[in-house]
Amino acid sequence: MSDLSIRTISADEHAAYIATQPSASFLQTPGWAAVKSEWKAESLGWFDPANPAELVGAGLVLYRQMPKVKRYLAYLPEGPVIDWDAVDLGRYLRPLAAHLQEHGAFGVRMGPPVATRRWGAKTIKDAIAGGQQPKLGDVRADAIEPSGATVANQLRALGWKAPRAGEGFAAGQPQYVFQVPLAGRSQDDLLKGMNQLWRRNIKKADKAGVEVSQGGAEDLKAFHQLYVETAERDHFTPRPLPYFEKMHAAMADQPSDCCDFRIYNAYHEGDLVASTIWVRVGGHSWYSYGASSTAKRDVRGSNAIQWRMMSDALAAGASVYDLRGITDTLDPNDPHVGLIQFKVGTGGEAVEYVGEWDLPLNKALYTAFDLYMRRR
């Protein structure tokens, strides 16, 4: 079979294609280009020469310029949106590489949305309690996805390389995430799947009078104040308020059949105790960002707001509720393990993806840029 053709498409064409897909990352929607405005962006579409009017794939490419040289790293976060089960992925990826090289790219990085392994909540809980396996990857998986190995083998054969852990350009998305499967389940099923502590905390929040409501752009400032408080408490660097204002404007501006972007607030006696950002594209919903107050933690606003978002994802027809990234540590003495334990309480599963793969188009510039990013 001959390679597909590729060309720049409009944001409207891109959004319309995403709307036809059962699932796609919000990082691959055209609106994400406005969020990452420091990068040059392009929407790409793949077409079958036998039917040149029909889109058969789409991708958001972000171009990051190399210092002092008009050459770029081309980045497709959690994408592109193509048929990853294709017998010959080269039909998509060869024309992609050629197009990006023509547009000044010295290298390409992409994150195929393809799972490799899954671990259930009980397996993770037992591994943490046992203390024998400090890394999730060392634990025997409950399920192995054959498509993961197939895609990885095809990528290697096409000249792509998987970055080693902790190395490479500082642009990456998490390889391990935590998800709650929703397909074919009811609210009762979800509650029964949670651990006793989660069920008790949801009930406690309700009894304490915690009220969760959907907010709007006017709530972003309060969300951000709580988010900065959370960052100081949990020792991470917070994003500035304009980032979230840009994210809200860009994502909320997309067609409703493509994407859904919401802010949720949990109040107790008039005090904001938790605030979150929720995104849905097709059947995939995400808990994208969250914040909680140090005061009144005993009213369990974080559990209440998660339960509301999960329930709304189910009502919206989503098949997955995604709590985003986790580290792969299972060491009970590691401070990061608390976040995994919180997410494990939902009764979901840890999912490993094939990770982000690089294709050097100009090896000298690729190596130089990698060195520059490491030294920043």
Notebook entry, point to check: Taking side chain as C-beta onward, heavy atoms only, is Arg324 less than 4.5 Å from Gln173?
Noted result: yes

Notebook entry, point to check: Would you say the ring centroid of Phe106 lies under 6.0 angstrom from that of Tyr72?
Noted result: no

Check: Is a side-chain donor-acceptor pair under 3.5 Å present for Ser25 with Gln28?
Finding: no

Notebook entry, point to check: Judged by modelled atom types alone, do Thr116 and Glu352 share a side-chain donor-acceptor pair under 3.5 Å?
Noted result: yes

Note to self: Checking the side chain of Arg308 only, and the main-chain atoms of Val212 only, is there a donor and an acceptor separated by less than 3.5 Å?
What the structure shows: yes

Check: Which of parallel (below 30°), tilted (30 to 60°) and perpendicular (above 60°) describes Phe223 and Tyr227?
Finding: parallel

Quick one: side chains of residues 177-194, donor-acceptor pairs under 3.5 Å with protein atoms, not counting sequence neighbours, listed by atom name and distance.
from: Gln179; atom 1: NE2; to: Asp322; atom 2: OD2; distance (Å): 3.0
from: Gln179; atom 1: NE2; to: Tyr353; atom 2: OH; distance (Å): 3.0
from: Arg185; atom 1: NH1; to: Pro181; atom 2: O; distance (Å): 2.7
from: Arg185; atom 1: NH2; to: Asp189; atom 2: O; distance (Å): 3.4
from: Ser186; atom 1: OG; to: Asp188; atom 2: N; distance (Å): 3.4
from: Ser186; atom 1: OG; to: Asp189; atom 2: N; distance (Å): 3.1
from: Ser186; atom 1: OG; to: Asp189; atom 2: OD2; distance (Å): 3.1
from: Gln187; atom 1: NE2; to: Ser311; atom 2: OG; distance (Å): 2.9
from: Asp189; atom 1: OD2; to: Ser186; atom 2: N; distance (Å): 2.9

Note to self: Strictly distance-based, threshold 3.5 Å: is any side-chain N or O of Ser37 a donor or acceptor partner for the main-chain N or O of Ala33?
What the structure shows: no

Note to self: Check Glu269 with Lys296, please: is the shortest side-chain N to carboxylate O separation under 4.0 Å?
What the structure shows: yes

Next item on the list: Consider only side-chain N and O atoms of Arg300 and Gln306, and report whether a donor and an acceptor are under 3.5 Å apart.
Entry: no

Margin query: Can you confirm whether Phe47 sits close enough to Ile9 that some side-chain heavy atom of one is under 4.5 Å from a side-chain heavy atom of the other?
Written below: yes

Notebook entry, point to check: What ring-ring contact (aromatic ring centres under 6.0 Å, His included) pairs are there with at least one residue in residues 279-305, not counting sequence neighbours?
Noted result: Phe26-Trp286, Phe244-Tyr289, His284-Trp286

Notebook entry, point to check: Can you name the one residue among Glu356, Lys36, Arg64 that meets side-chain hydrogen bond (donor to acceptor under 3.5 Å, both in side chains) with Tyr75?
Noted result: Glu356

Check: Any donor-acceptor pair under 3.5 Å linking the side chain of Trp39 with the backbone of Val35?
Finding: no

Item checked: Close side-chain approach of Asp358 to Val108, heavy-atom, < 4.5 Å -> no

Checklist line | Side-chain donor-acceptor pair present, Lys135, Thr329, cut-off under 3.5 Å | finding: no

Check: Quick one: does Asp312's side chain get under 4.5 Å of Arg262's, heavy atoms only?
Finding: yes

Checklist line | Gln132 atom CD: more than 12 heavy-atom contacts under 6.0 Å | finding: no

Next item on the list: Measure the shortest side-chain to side-chain distance between Thr29 and Gln254 over non-hydrogen atoms and say whether it is less than 4.5 angstrom.
Entry: yes

Notebook entry, point to check: Tell me, do Arg280 and Cys259 make a side-chain contact under 4.5 Å, heavy atoms counted?
Noted result: no

Item checked: Check: Arg239 main-chain N/O paired with His224 side-chain donor or acceptor under 3.5 Å -> yes

Margin query: Would you say Ser213 and Asn265 are linked by a side-chain donor-acceptor pair, where the criterion is simply a distance under 3.5 Å?
Written below: no

Notebook entry, point to check: Any luck finding a side-chain donor-acceptor pair between Arg233 and Ser292 under 3.5 Å?
Noted result: yes

Note to self: I'd like to know if the side chain of His99 reaches the main chain of Ile6, judged simply by a donor and an acceptor atom lying under 3.5 Å from each other, with no hydrogens or angles considered.
What the structure shows: no

Next item on the list: Describe, in one word, how the ring planes of Phe261 and His248 are oriented to each other, choosing from parallel (under 30°), tilted (30 to 60°) and perpendicular (over 60°).
Entry: perpendicular

Margin query: I need the single residue from Asp260, Ile263, Ile305 that forms a side chain to side chain contact (heavy atoms under 4.5 Å, CB included) with Trp278. Which is it?
Written below: Asp260

Check: Does a side-chain heavy-atom distance below 4.5 Å link Ser147 with Asp85?
Finding: yes

Check: Taking the side chain as C-beta and beyond, is there a heavy-atom pair between Ser293 and Leu226 under 4.5 Å?
Finding: yes

Notebook entry, point to check: Are the side chain of Gln154 and the backbone of Ala86 linked by a donor-acceptor contact shorter than 3.5 Å?
Noted result: yes

Next item on the list: Ignoring hydrogens and angles, tell me if any N or O in the side chain of Glu42 forms a donor-acceptor pair with the backbone of Leu60 under 3.5 Å.
Entry: no

Next item on the list: Share the residues that join Val320 in a hydrophobic cluster, the rule being Ile, Leu, Val, Met, Phe, Trp or Tyr side chains under 4.5 Å apart at the heavy-atom level.
Entry: none

Note to self: Using a 6.0 Å cut-off, check whether atom NZ of Lys40 has over 12 heavy atoms from anything other than its own residue.
What the structure shows: yes

Checklist line | Asp3 versus Tyr92, side-chain donor and acceptor atoms under 3.5 Å | finding: no

Next item on the list: Kindly check if the number of other-residue, nucleotide or ligand heavy atoms within 6.0 Å of CD (Gln196) is above 12?
Entry: no

Notebook entry, point to check: Is a side-chain donor or acceptor of Glu13 paired with a backbone partner of Ser10 at a separation under 3.5 angstrom?
Noted result: yes

Margin query: Could you report the tightest heavy-atom contact between Lys161 and Pro360, atom names first, then the distance?
Written below: CE-CG, 4.4 Å

Note to self: Using a 3.5 Å distance criterion without hydrogens, assess whether the side chain of Gln65 forms a donor-acceptor pair with backbone atoms of Val69.
What the structure shows: yes

Note to self: Please report whether the ring centroid of Phe342 lies less than 6.0 Å from that of Trp198.
What the structure shows: yes

Checklist line | N/O donor-acceptor pair under 3.5 Å between Trp84 side chain and Val81 backbone | finding: no

